[in-house]
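Working notes, beginning with the structure itself.
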Number of protein chains: 2
Amino acid sequence: MRDAAVTIRDVAQAAGVSVATVSRVFNRPDLVTAALRARVLTTAERLGYVAYGAARALASGRSRAIGAIVPTLDNQVFAVCIDALQQRLDAHGFALLVASAGYDAARETREVRLLLERGIDGLMLVGAEHPPAVWALLGRRAPAVPAVVTWTSAAADIPVPCIGFDNAAAARRIVAHLLELGHRRIAMVAGPTVGNDRAAARVAGVRAALAASGLTLAPPYLSERPYTVPDGHAAALALLSLPDPPTAIVCGNDHLALGALAGARALGLSVPRDLSITGFDDLDFAAYAEPPLTTVRVPAAEMGQRAAEYLAAAAIGPAPLLGTVLEAPVMLRASTARPPSRLPAALRPPRCDRPASALR
Amino acid sequence: MRDAAVTIRDVAQAAGVSVATVSRVFNRPDLVTAALRARVLTTAERLGYVAYGAARALASGRSRAIGAIVPTLDNQVFAVCIDALQQRLDAHGFALLVASAGYDAARETREVRLLLERGIDGLMLVGAEHPPAVWALLGRRAPAVPAVVTWTSAAADIPVPCIGFDNAAAARRIVAHLLELGHRRIAMVAGPTVGNDRAAARVAGVRAALAASGLTLAPPYLSERPYTVPDGHAAALALLSLPDPPTAIVCGNDHLALGALAGARALGLSVPRDLSITGFDDLDFAAYAEPPLTTVRVPAAEMGQRAAEYLAAAAIGPAPLLGTVLEAPVMLRASTARPPSRLPAALRPPRCDRPASALR
DNA sequence: CGGCATTCTGAAAGCGGTTACATTCTTCGG
DNA sequence: CCGAAGAATGTAACCGCTTTCAGAATGCCG
């Protein structure tokens, strides 16, 4: 395969020095005389020498590669994080191996193993909830492979530092906003909570805020749906066809909220006049939705950057960080307002003198 | 670093066999007796043995890793492609190294070098236009590292296969649709075309379609903007404040279109009654925008999958593929309609008896 | 101008696997 | 029952680079 590739030996020979010197020119340039260094560099350039990472990793014991596993890259919020992670890692000379686990614990374990096999020097994970096998795998190498967990701040029982935000608190704040506006019938369309501590924390936060006002959250006011726009649409339709429809719908993320917005529109409802809707993530379409979406801004890029800084450092020496809680502010926009004083016309039971189709 | 890591030698010793046998158990299991194989596997499992990729790569000459460089992961369309690429690669036992080049040729060259250094067995690139250094680097290893170029179908002068679609044709079709509806004043908000053959091809396509109807495209009807929502907003505002505003705006991607939609709304225009707007990409918010966006569906996931299949194959043996042109259908939705019969009220020059603010 | 501390540079031993080749063990045909 | 072909396993030579250690070159001081 790499038959004709230029190796360090070729460079050494062409420059009339030893391989050790060539190696030093690239790794510890300060140890080599300026003149020699220049000669080697020139020769290397001329020959088109590209050091072979595998050999380097094998000899030095570090791969200068970091792994990251996200639930999916389909969701822009994770993609943004990965983008930031990669750029920052790049600045430190690390490469990024990505894998997506699709919200599946078994697949995640598999990916961790694969990444470890690749000799990664660090690993970024999303969320606090991971199969025990993951932690076991991580600890196997000695010393254990440095890892960070993002998207969460609850560092409770996990053996690695967190760089994230408080999902529950953010959910609480957005519900508090709704309560202040006067809403009492507040429903939630959550993401799937099994194996997903972030989704669960958001539900818990909503529930806590409601409880503080003597309200509760339970099906059918609480529904769990995959994080997609069509699911948000369907969920909103279901909620709004309830005999006692909510005046506000809290969505687990912006995709669900965008769908809910469309659902409300399909029913002839005006948001926020007839119904308030909130999202979570603050993706770039959120501020430009119709109406602009009140949502929680998730510091995706910043998590990526901080994770990169931490992992780059931890790959070299001992880890200087234990936990970081980032801000996740509520972005108040036009999709929330005071609840309507009475049931919106579009939701009222059909009467004989009006076309029943309004309810569809 | 990897002091206490379990090596193949540990497994061999514990299982009472030679390292060669252990290696064979994992790579050519058919060459080992079932009984022995089982014994080795059990021992490996018990010891928690994880083969070290770097050593493997060094000894075998292949890293089983593929690289991918995209302009940015911020744009969902690329993230979707990468997600598909990774999943498919995973099925073939390959890992994925990603990097983003931020539409910057120098940065891209750097990333290619870095990836090559990592010993990748294949590389996915976006678009046909790349600095010569990239091709040089790719050919340096012998045989050359297999590469694919996505997002384009114009395989003209590039030395690697393409898996993509015809940007110009898609743009032509969407403009044809507009022309059929009766539009004559058609403007375009394009992405930055320098160093970006896709953006340039879209402009060319629009121009070709217009030319076929005796129309032309030039500033101020043509403006280039970064691919962001706010830029689409600003561009639409600029276009609509022209003395002779367009009745349709073709946008280089969905982000620009979403911004344009918001811009039109801000001016009090109703889309599509007063103005038609089209996008490109068909991101998941497009169908749920208000109004739903007429756009071109870019086969992002499919390009990722096909690139994975090709690269996985090419990494093993000779490449079985030369070029694939995928469909990029126009999705007709509600953001396009016949042009208004006369200048919309909101765009008419202010008169003394109406508030001038309508124009802002 | 010699001796010693200080730099630089080179030789060579791995790093943890893979794999060509040698060796040993089976299995049969003659 | 012997010998050879064939199957299974072991031996050891790399893969390309880093890094320790020793030796050569240089600079400084007395």
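Hydrogens, waters and symmetry mates play no part in the numbers below; they use all other heavy atoms, side chains included. Note that the structure is predicted; figures quoted are calculated from it, not measured. Here is the naming used below: chain letters follow the sequence lines, and residue numbers restart at 1 for every chain.
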| task | Spell out, as yes or no, whether a donor-acceptor pair under 3.5 Å connects the side chain of A:D197 to the backbone of A:E129. | result |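 Yes; at least one donor-acceptor contact below 3.5 Å.
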
| task | Ignoring hydrogens and angles, tell me if any N or O in the side chain of A:R64 forms a donor-acceptor pair with the backbone of A:A315 under 3.5 Å. | result | no

| query | CG of A:L115 to CE of A:M124: how many Å apart, nearest 0.5 Å? | reply |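 So the CG of A:L115 and the CE of A:M124 are separated by 11.0 Å.
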
| message | Looking at B:R56 and C:dG16, is any side-chain donor or acceptor paired with a base atom of the opposite kind under 3.5 Å? | response | no

| task | Return the 5'-most residue of the pair A:V17, A:A55 with respect to DNA chain C, ranking by each residue's nearest nucleotide. | result | A:V17

| task | By nearest nucleotide on DNA chain C, pick out whichever of A:L31 and B:N27 is the more 5' one. | result | A:L31

| Contact class for B:T21 vs. all strands (heavy atom < 4.0 Å): base, sugar-phosphate, or nothing? | sugar-phosphate

| message | As a test of reading the structure: which of D:dG16, C:dG17, D:dT19 is closest to the side chain of B:T7, going by heavy atoms? | response |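 For the B:T7 side chain, the nearest candidate turns out to be C:dG17.
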
| Any A:S23 side-chain N or O less than 4.0 Å from OP1/OP2 of D:dT18 | yes

| message | OP1 or OP2 of C:dT9 versus the side-chain N and O atoms of A:T33: is any pair under 4.0 Å? | response |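 Answer is yes, contact under 4.0 Å.
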
| If each of B:R24 and A:V22 is mapped to the nucleotide of DNA chain D with the nearest heavy atom, which maps nearer the 5' terminus, i.e. the 5' end? | B:R24

| query | Checking side-chain contact (heavy atoms from CB on, under 4.5 Å) for the pair A:V70/A:V98: CA distance, chi angles, key distance, verdict? | reply | CA-CA 8 Å; A:V70 293; A:V98 281; over 6 Å; no

